[in-house]
2 protein chains.
Amino acid sequence: MSSTLKDIANKTGVSVSTVSRVLHDNSKKYKISDETQERVKKAAKELGYRINTLARGLRLQKTYEIGLIVPDIANPFFSAMIKSLAGELRKGGYNFIVYDTDEDISIEKSAVKSLMEKRVDGMIIASVGQEFSHIQKLRDANVPIVMIDRCFDSLDIDSVSVDNVKGSLFAVNHLIKEGHTRIAFIQGLPGTYANETRLQGYKQALNDAGIGIDEHLIVGDDFRSLNGYLETKHLLKNPVPPTAIFTAGDLIALGALEACREHGIRIPSDLSLVTFDDPVFTSYLSPALTAIEQPIQKMTEMAVAMLYRRMRNPDDERRKILLEPKLNVRSSVTRLTTLTTITRITNQ
Amino acid sequence: MSSTLKDIANKTGVSVSTVSRVLHDNSKKYKISDETQERVKKAAKELGYRINTLARGLRLQKTYEIGLIVPDIANPFFSAMIKSLAGELRKGGYNFIVYDTDEDISIEKSAVKSLMEKRVDGMIIASVGQEFSHIQKLRDANVPIVMIDRCFDSLDIDSVSVDNVKGSLFAVNHLIKEGHTRIAFIQGLPGTYANETRLQGYKQALNDAGIGIDEHLIVGDDFRSLNGYLETKHLLKNPVPPTAIFTAGDLIALGALEACREHGIRIPSDLSLVTFDDPVFTSYLSPALTAIEQPIQKMTEMAVAMLYRRMRNPDDERRKILLEPKLNVRSSVTRLTTLTTITRITNQ
DNA sequence: CCAATCAATGCAATCGTTTGCACAAACGTA
DNA sequence: TACGTTTGTGCAAACGATTGCATTGATTGG
């Protein structure tokens, strides 16, 4: 079907080596005559030659492919990230292979295994979290690797993420400033980096403001919208419901919105809502959501730069980069006076 | 670094062939003794053996990889599609490689080229459209290939898509039934399958209802939100603005919403809106959008099934499958009486 | 006892590229 | 003339896995 160097060699009467040099090398280096070059190129075109990257990869021990692992490709945050990464990688002549782990650590492990088997030149991983033995093994096997968005404090490996603690501080402080004290937190998957750091920021903000932490207001267990939906319904049944909810991710917020709509709860008049993540459509929601934006473009640029650096220079010291999040104030938070709080509570 | 069959052979004292048979074959077939099997497996584990898929692919002329090409990975419709495809493919033991063409036909062509060079076992393509010579070449080279969502009527190739004409008919008929006659259509990229078929449905619905087609109400030129934003602003400046807008894709609708918000136009009271595509967040928008839903799950199931069939059976006749779209009525369309139309117009 | 069968394994070619080394012819130089 | 250089090209060994075809020693049937 597809022709090979050999086919071209046969057709032109030169050797395979010469053909290879003409088609892929800087053929100056080997001083191939112009006439031979012409002949070979012509034959290649006629035969529809396409290099076989498997053979090249095998020979060179280099595939020009980067493995990407994300928890959920359909999550707008990650699909934006992938798109951005793709662009950055393309600039450097790399292709990429994505794996979607569906927030499942065992799928993540098998993804890592597959990528090793494919001999990718490096990996960029947004890990589910929870555990990192598989990633540690990669590092020890000297595979260039950068963690993005979801990383591990206790694992010495290159990483870029946003300062989640600070993001939560921004969000919760904003709510507090608007007079809220009963602020619920709907978590993502416990044990993951993103979740624990965001939770930490939430607690710290409350502490700093001298507001006690009510464990009943910390609920939920995964980053999907169903979690937001169910937990919001549950929170609303609370005898003294929260006046504000802070969600750990965009999909959770969507679920929360759905629950509110179902119960006729209006945002922000009945309940305030702030969320981590800020995908494109946040500002079109009803109401436009106040949200914590992560600098996706910058994250991906840095991740790719770090990966290239690591590939060139395997023994450099490893770096952990934290980027600044940003609070985008829109219209899902209302100002609460002491009075409104009291009337609300007595209304229950 | 990573060990090979040879390393294991050396360590255990058996031949490479035997190692290969133990690790990858149904080793019954070659009657390898239990004792040898044990030894080999043990050594493989100790050495941390990982198969080299490049070598396997080269030898077998089969990679167990499928190429995926989509116009925009960050578009929720396509990211949902990818996720769904990934699941289906995984079931069959296939991995996949995605390319995002950014709605650019020249990137699509180079993606096709790359995938050929990687010797993928098949491709699933949601084409930009406009042109199909590159895809025709693939087909003629006997690469198993299925077009999904974006295909070509005039190209004989397996494909699954939704009945776009019918979808537009549903949408526009709904608007007409609610009393609208000045209905604008904000297009996607002209010359693409999705766009032309949706446009066709739009025109047909108007014709069927005896409503003349006003070419000034057919605007726009790409599937991104900026297009929706700009064209909506422009439409609103029209001396006799439309009472309803039908957008060819979800991102266009988002752009339209943004423009309306900016101009203080309320939906649906001032303007009705219906869109093609129905990503998860549609129902959380302000207001919840009436939209045409495509059966993504079914599309991907069928696409993968067709691809497997084509891989098994290269010479079967090719099929073109059209699935039913669905109109989801929500709250972005208002009923228009003759009276309201008149008052509106005189208000201008 | 000899031939046929079988169990268990090894040999070596192959997939398509790349590249260090060798080599012949032509050229320059002293 | 003799020798070093340059030019242009080919040889052959990798890269790691698979598999048809031996091969060997043991077992069985007649």
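Note: hydrogens, waters and symmetry copies are ignored here, and every other heavy atom, side chains too, is used. Protein chains get the first letters and strands the later ones, always in sequence-line order, with residue 1 at the start of each. Just so it is clear, the model here is predicted, and its values are computed rather than measured.
- A donor-acceptor pair shorter than 3.5 Å can be found between the side chains of B:E108 and B:S127.
- The CD1-C1' distance, from A:I32 to D:dT6, rounds to 14 Å in whole Å.
- Taking only side-chain nitrogens and oxygens, B:Q61 comes nearer than 4.0 Å to OP1 or OP2 of C:dG16.
- A:S17 comes within 4.0 angstrom of a base, heavy atoms only.
- Remark: P of C:dG16 and CG of B:N52 are 16 Å apart, rounded to the nearest angstrom.
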CA sep, side-chain torsions, deciding dist, call: A:I321, A:M299, side chain to side chain contact (heavy atoms under 4.5 Å, CB included)
CA-CA 9 Å; A:I321 294 181; A:M299 273 171 78; over 6 Å; no
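- Here C:dA12 presents its C1' atom at 15 Å from CG of B:L5, a figure rounded to the nearest Å.
- An OP1 or OP2 oxygen of D:dG8 is reached within less than 4.0 angstrom by no side-chain nitrogen or oxygen of A:Q37.
- A salt bridge (charged side-chain N to carboxylate O under 4.0 Å, His left out) check over residues 9-20 of chain A, counting only residues at least two apart or in different chains, returns the pairs A:K11-A:E46.
- One can place NZ of B:K6 at 11 Å from P of D:dA17, the figure rounded to the nearest angstrom.
- Residue B:L58 contributes atom CG, which lies 13 Å from atom C1' of D:dA14 at whole-angstrom precision.
- Each of B:D34 and B:L60 lies near DNA chain C, and the nucleotide nearest B:D34 is the one positioned closer to the 5' end.
- Counting any heavy atom pair closer than 4.0 Å across all strands shown, A:V14 reaches sugar-phosphate atoms only and no base atom.
- Interface remark: the A:R119 side chain does not form any donor-acceptor pair with the D:dG16 base, using a distance-only criterion of under 3.5 Å.
- Residue side chain A:R21 reaches the base of D:dG10 through a donor-acceptor N/O pair under 3.5 Å, judged by distance alone.
- Ring orientation note: the planes of A:F132 and A:F152 are nearly perpendicular, at an angle over 60° on the 30°/60° scale.
- Residue A:K118 contributes atom NZ, which lies 18 Å from atom P of D:dG16 at whole-angstrom precision.
- Within the 4.0 Å cut-off from OP1 or OP2 of C:dA8, not a single side-chain nitrogen or oxygen of B:K31 is found.
- Nearest heavy atom pair, residue B:P71 against residue A:K83, reads O-NZ, 4.4 Å.
- Between the CD atom of B:E38 and the P atom of C:dA8 there is a distance of 14 Å, rounded to whole Å.
- Distances shown here put a side-chain N or O of A:S15 below 4.0 Å from the OP1 or OP2 atom of D:dG10.
- Out of D:dT9, D:dT19, D:dG16, the shortest distance to the side chain of B:S20 is found at D:dT19.
- For A:Y49 and C:dT17, the shortest distance from a side-chain N or O to OP1 or OP2 is below 4.0 Å.
- Residue B:T36 has a polar side-chain atom (N or O) positioned under 4.0 Å from OP1 or OP2 of C:dT9.
- A:N10 places its CG atom 12 Å from the P atom of C:dG16, with the value rounded to the nearest Å.
- Distance from the side chain of A:S33 is smallest for D:dG8 among the nucleotides C:dT17, D:dG8, D:dG16.
- The nucleotide whose nearest atom lies closest to any side-chain atom of B:Y30 is, among D:dA17, D:dT9, D:dT19, D:dT19.
- In this structure, B:T18 does not reach the C:dT9 phosphate: none of its side-chain N or O atoms is under 4.0 Å from OP1 or OP2.
- Closest to the B:I51 side chain, of the nucleotides D:dT9, C:dG16, D:dA17, is D:dA17.
- To the nearest 0.5 Å, atom OG1 of residue B:T53 and atom NZ of residue B:K62 are 13.5 Å apart.
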